[in-house]
Amino acid sequence: MADLRMTPLFFHVLLALSDGAKHGYALLQEIEARGGSAMGVGPSSLYYALGRLEDAGLIREADAPAGSDDEPHEERRKYFGLTRSGRTRLGEETRILQDIVAHARERGIVR
Amino acid sequence: MRRLGLGGWIVTLLWRLHPRRSRGRFSSDLEADLQRLHDAGRTVGWRGVADAMLALARAWGDVLVDGLTLTEGWGEGTRSAVRTLRRSPGYAALVVGMLALSLGANTGVFAVAHAALFKTLPYAAPEQVYAVTPPPIRMSAAGQWSVSPDFASTVASAALYIENGGANLTAAHGDARRVSVAQVSDDFFQTLGVEPALGPGLTAGGADDDVVISHRLWAGAFASDPAVVGRRVALNGRDFRVSGILPPGVDFPVGVDVWVPFPTWNDFYSGAYGPYGIARLNPGQDPTALADVLSARVREEYAAANAPLDAPRVRLRALRDELEGSVRLPLLILLGVAGVVALLGCLNLAGVTLARTATRAEELSVRRALGASGRRIVTQILVETLVLATLAGVASLLAALWASRVVLAFLPGEVPGLDHVEITPPVLIFAGVGTVVACILVGLVPALHGLRLGLAGSRGDRRATTDPAAVHAQSVLVVAQVALTFCLVAAAGLLGRSLAHLQAVPLGFATEHVLTFGIRLPSEGYPDTEARRGYADGLVSQLSSVPGVEDVGLTDFLPLSDHWRSGVAIRREGSPESDEVRVSWIRATPGYLDAMGFQVLSGRPFPVVPSKPGDLSHVVLPRVVAAQLFGEEDAAGRTVLVQDFRREWHAATVDAVVADIRLKGAEGQPSRLMLTDFRTSGPVYMGVAIRASGNPLLLVDRVHDVARSLDPSVPAFDVSSTAQRAGKAIAARRAVAILGMVFAGCALLVAAMGLHALVAHAVTRRRREMGIRIALGARADRLVGRALAEALKLGGLGLAIGLGLALAVTKVLDSLLFGVPPRDPWVLAATAVTLTVVATLAAYLPARRITALDPTEALREE
């Protein structure tokens, strides 16, 4: 199952998790803030993506980071963090994107 | 439920449709997020819903892709499955055998049910054709019936027919044969939606002496010779011309072989039924509404003519229902019962396979450790089941052919299409679907369990043989088996008890050693009473001289025949007319009473030969009528007043009282009838009864010989023993009862096997534990008792569930039961006792093995 095709949404999720564990709502906000809303990401797609990434072993449930912004009365939320293979995969995918961007630059598409 | 807004609500709803693996994990998180969005004032609009639908499609798409990749390993899986199964031929044989039998029984019953209930009728748009009773009719001044114009104009077309019963058909050469005749009005075939296969048929402008014959008769009597069209035949001695042959399968009214124009011939009216009506409705016309309209109209007309009487209600019944007749419910019940037995078989095999998977835990763990994926292990278990199920599916077709023959042999041949059953494409599809369903039922639980074992193995857990989940699943399967078996055994018990009741009802006539048949004399050749009496005397004397014949008698009405008797009134001398009793008037010779074994309670029937024809001065009464007229007093020798068909009263002496007779069979009440001496009359129809010293059916050929020698144009028909007639009357009930009991027996066996396997498995699994216990001083018989108690706890649970189920479902049997309530406490109690005994035995046999356990050996094993 390790062979998961990397869609933009999956990439966004991995990227958003790269600086620490987050829960679903925070992920949703961050992805939106980084232009994810253009993809039309809603909660269902997000949790679908989380399920797939977890099955593929790229992320896993994590402890809430210290000093998280959760209101204390709110029910326990699931936090997700990158696994080692998730981090590796994020690096690989980023490198591929980098190569593509470099290639595009050579051709003068962007500066 | 918190407020999420409509969009949020739809999104949560859609989430519930996700495959289980994602649904369970994130539901609460998703809801919490939606709540936050809502609180933040951002409604989850259509965009969110579209997103949810997309996610749903993706999730199921993944499942599909996974499923397809699952099949990748199947080629290899099959080879490995065959290898594994070869190593355990006992298991393979058990699965194939049990599946083949249960699937075969199902397919067989389905084949019969399909032929009888779901086959296509050979009529154009048959769903628009309805039987109309009573049909609105007009009678012309000449006494001829026709469809009432009001009625005809309401529907697409309407027609009348009269069922004439039998007539003697003589073709140019050859002996006469008895055929069933119907007279039909002009639009009959148009209404039915059928065209002749050959010839013009009965056309509105056709001749009065045209007849149309069935394909069956054409093949049977005319060797399918196309030149028959136009040829002349004689019906009861009258000349007709064959003007058409109907396509095969046309069988309406059921059993009719010759259709003549309506109404042609008054001779046919004697012993005829009708007129009946059929109508072809306009497309989209509502039969219930039409029935209301017709009823209202009949009521209007009726009220004017017959003020004090209630007008009949017009009923419309679909042609298909009319044709399916009485076998629909029995067949559906059999289908249900066979289905339950198959389900039981599958549950049982699932249990066996589960146990086998559990004992294979080590092998699976090793495979898993060597790198086989969990998916591959599931695939292997599924493929093993599939290989077995496919073998069983093929074998089941043979079993189905056999089963359908058994079912057919038990059912009365009264429904068209039931005389032969073939394996048709729908039957094959049924068998295929059955095989797949069986495969899933048998393989799924063990496969999922195997997957878990595989996973456990990968974690290095090797003590999976005592996996409580497997034991639990097996227990659930056993409980389900016991519960279903309880229902089946209870149903079979009810049907069996009902059959026993039915067979214990005294019919009042002998059902052994008696042969009966009918003779119908044509008016040509036998114009008057004198001529017919001459024939009757000849017949009796010739039959009496046949070796093996003890008594010969004549009647104008044989028991258990479809004929109908007109009633007359009878009352005690001196009592007012209001005390009269309506009775069926039947004529019989003294020899007939002897031959049929009517039991004379007092007096002596017909001691003197009556002097004048039509003499009504001596009667014989059954007890029910005698008691109604005279109470406890002996009626023999008393005088009664009898009203004849001209409504004149005659004084008559009661010669004798006989025991009650059930002319309509065991299900009917004792018939109210009056017997007079047959020798006072000379009817065109005669029923003949012969008492034989041995098997009455050995006399059949001699009867035909005698009839032929007397007059080749007058055949003996309906030649059958009274046992056959009585058997036919209860055939459907008997079929359901006997087949139900066979199925229940199978179910009992299957459930016993399930329980046996459960206990045997537990004993094997816990050998070590038992060994330790015995070594520590536990008494073996105590251990046996505990194993037994555990099994019986499950059995008891199944029994309780089964009892509840049975109380809920046996109601459907109600109309098939006779003298037994559907919740008969005796039957339910007997079922519970039977199941308890069987369960105890099934559990005790393997549990007993504990006593033979050698603790040192058991401990040394691992």
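Fair warning: this is a prediction, and the values are worked out from it, not measured in the lab. Below, chain A is the first sequence line, B the second, and so on; all start at residue 1.
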Which heavy atom of A:Pro43 sits nearest a heavy atom of B:Asp51, and at what distance? N-OD2, 3.6 Å
Does a sphere of radius 6.0 Å around CE in B:Met53 hold more than 12 heavy atoms from other residues, nucleotides or ligands, not counting ones at 6.0 Å or beyond? no
Per-residue contact mode, B:Leu56 against chain A (heavy atom under 4.5 angstrom): neither
Hey, which of B:Leu37, B:Leu54, B:Leu14 has the most heavy atom pairs under 4.5 Å with chain A? B:Leu37
Donor-acceptor pair, B:Asp29 side chain versus A:Gly24 backbone, under 3.5 Å? no
Taking all atoms of both residues into account, what is the closest heavy-atom pair of B:Val11 and A:Ser44, and its distance? CG1-OG, 3.2 Å
Please work out whether the ring planes of A:Tyr47 and B:Trp15 are parallel, tilted or perpendicular, with thresholds of 30° and 60°. perpendicular
With a 4.5 angstrom heavy-atom cut-off, which part of B:Leu30 approaches chain A: side chain, backbone, both or neither? both
Between atom NE2 of A:His23 and atom CZ of B:Arg36, what is the distance when rounded to the nearest 0.5 Å? 4.5 Å
